[in-house]
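Comments concern the structure below.
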Amino acid sequence: MPHILESQSALATWLAGQRAPAFRAQQIQRWLFQSRAAAFAEMSDLPQSLRESAAAEFDIWTTTTAAHQKSKDGTEKLLLRLSDGKAVECVLLRDAARRTICISSQVGCAMGCVFCASGLDGVDRNLTTGEIIEQMLVLQRLLPEDERLSHIVVMGMGEPLANLDNLLPALDVATSKDGLGISARRITISTVGLPPGIHQLAELNTRFQLAVSLHAPNDELRNELVPVNKKIGIQAILAAADHYFDVSSRRLTFEYVLLDQINDQIVHAQQLVRLLQHRNALLNVIPYNQVAGLPYKRPSQNSIMRFRDILEAGNINVQFRQLKGNEIDAACGQLRRKSVEIQQIGD
Ligand code: SAH
């Protein structure tokens with residue numbers, strides 16, 4: 001059955017075929033996105049016959065929740081089983097008034113960052129637009145009725161710029177007033193740094209915030225940590241990011257996962273200052289979330305402070321991200337791995 005979340009035009013075409021007025025599409029959207037309806041049967045202002053024929057024609061839910069973890073700080077993480085048996089993770093984070101969701105764009109990841117759990121087995125496939133939207137709806141349903149989703153980060157599994165064709169229509173629904181009504185300024189797309197993808201995004205849609213996962217201040221180290229860098233290079237990424245900044249006037253964000261004894265040395269902080277000091281950029285330093293089976297560790301508090309002091313002395317706008325959902329494997333890919341392990345143990 002077609003997925004109702006996959007395509008708004010397919011719904012419009014189907015309604016026209018049913019000789020239903022076009023405004024029914026908007027009504028259905030509002031039921032799904034604002035009233036959090038779980039089934040067509042709940043859509044009480046649609047004619048009964050239309051509710052029944054829509055239910056016979058479309059699926060609303062294509063995923064099932066295979067695991068649900070809650071952390072003391074309010075973070076909730078879901079492992080969603082897709083209709084083909086594969087799985088992706090998505091997360092709800094609570095921070096004061098913010099209700100941020102972190103969603104996946106692909107099953108697995110082809111980028112191969114050596115410290116990340118998502119890419120350990122490569123990429124299986126792109127998520128569909130419907131599957132990306134479904135993550136938003138499933139996470140929204142975890143909130144009490146009087147709370148709304150406020151922010152989206154596309155920082156779950158996968159490389160979003162490798163799946164822009166399916167991602168952008170999903171984000172359009174997230175921003176639309178009949179959809180989730182989330183301001184595009186509150187939506188961040190995080191990329192490993194693919195210049196053609198950044199240019200494509202700059203051409204298609206500049207409303208979103210862009211975050212570039214840098215993780216190293218020189219190509220030698222970045223080639224080791226982020227293997228796709230060998231074909232790209234930091235300068236090409238910065239040039240593409242600068243271009244996105246020029247056309248979007250969105251402040252750039254760079255992410256830097258701090259790995260003990262690897263990219264946390266004084267010289268790395270000094271090199272970062274040189275790379276970023278003339279840019280209107282925010283550097284988001286992320287404490288590493290340890291991944292079972294990988295040798296990387298989070299640096300000591302002392303090295304983290306030393307790193308921070310050098311960046312601040314260099315006038316870099318830096319933010320040290322609080323670790324959220326630590327005890328529930330919140331770093332991308334970890335829950336899926338664990339469930340695979342559990343399945344393997346069970347077999
Ligand atoms: N492919 C995109 C988006 C997914 S990864 C990207 O590279 O940005 C989202 C962010 O989480 C990236 O900055 C990534 O490096 C970081 N990350 C991955 N594994 C992590 C871990 N174990 N601990 C902390 N951050 C991690």
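This one's a predicted model, so the numbers in the text were calculated from it and none came from an experiment. In each ligand, atom 1 is the first atom listed, and ligand 1 is the first ligand listed.
- For H215, every heavy-atom contact with ligand 1 shorter than 4.0 Å involves the side chain, none the backbone.
- Of all the heavy atoms of V212, none lies under 4.0 Å from any atom of ligand 1, so neither backbone nor side chain is involved.
- Near G156, meaning under 4.0 Å from any of its heavy atoms, are these atoms of ligand 1: 4 (C).
- The side chain of V257, and not its backbone, has at least one atom closer than 4.0 Å to an atom of ligand 1 (non-hydrogen atoms only; side chain from C-beta on).
- Close approach of ligand 1 to C116 is summarised as follows: ligand atoms under 4.0 Å from at least one heavy atom of the residue are 18 (C), 19 (N).
- Among the atoms of C109, none of the N or O lies under 3.5 angstrom from an N or O of ligand 1.
- Both the backbone and the side chain of E159 come within contact range of ligand 1, each with a heavy atom under 4.0 Å.
- A donor-acceptor contact closer than 3.5 angstrom is absent between the side chains of S300 and N302.
- Residue R36 places its CZ atom among more than 12 non-hydrogen atoms of other residues, nucleotides or ligands, all under 6.0 Å distant.
- Under a 4.0 Å criterion applied to the non-hydrogen atoms of S213, ligand 1 contributes the atoms 6 (C), 7 (O), 8 (O), 12 (C), 13 (O).
- Of the N and O atoms on the side chains of R30 and Q27, not one donor lies less than 3.5 Å from an acceptor on the other residue.
- Annotation for ligand 1: atoms under 4.0 Å from non-hydrogen atoms of Y288 are 21 (C), 22 (N), 23 (N).
- D73 and T75 are linked by a side-chain donor-acceptor pair at a separation below 3.5 angstrom, with hydrogens and angles left out of the test.
- When only modelled atom types and interatomic distance are considered, N163 and Q106 share no side-chain donor-acceptor pair under 3.5 Å.
- Closest heavy-atom approach to atom 1 (N) of ligand 1 within the set P287, S190, G158: this belongs to G158.
- Taking every heavy atom of V291 and a limit of under 4.0 angstrom, the matching atoms of ligand 1 come to 22 (N).
- Take S44 and apply the side chain to side chain donor-acceptor pair (under 3.5 Å) test, not counting sequence neighbours, and it matches no residue.
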Can you check side-chain contact (heavy atoms from CB on, under 4.5 Å) on I232 and V192, steps first, answer last? CA-CA 11 Å; I232 302 170; V192 73; 5.9 Å; no
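- Residues meeting the ring pair (Phe, Tyr, Trp, His ring centres under 6.0 Å) test with F307, sequence neighbours left out: Y256.
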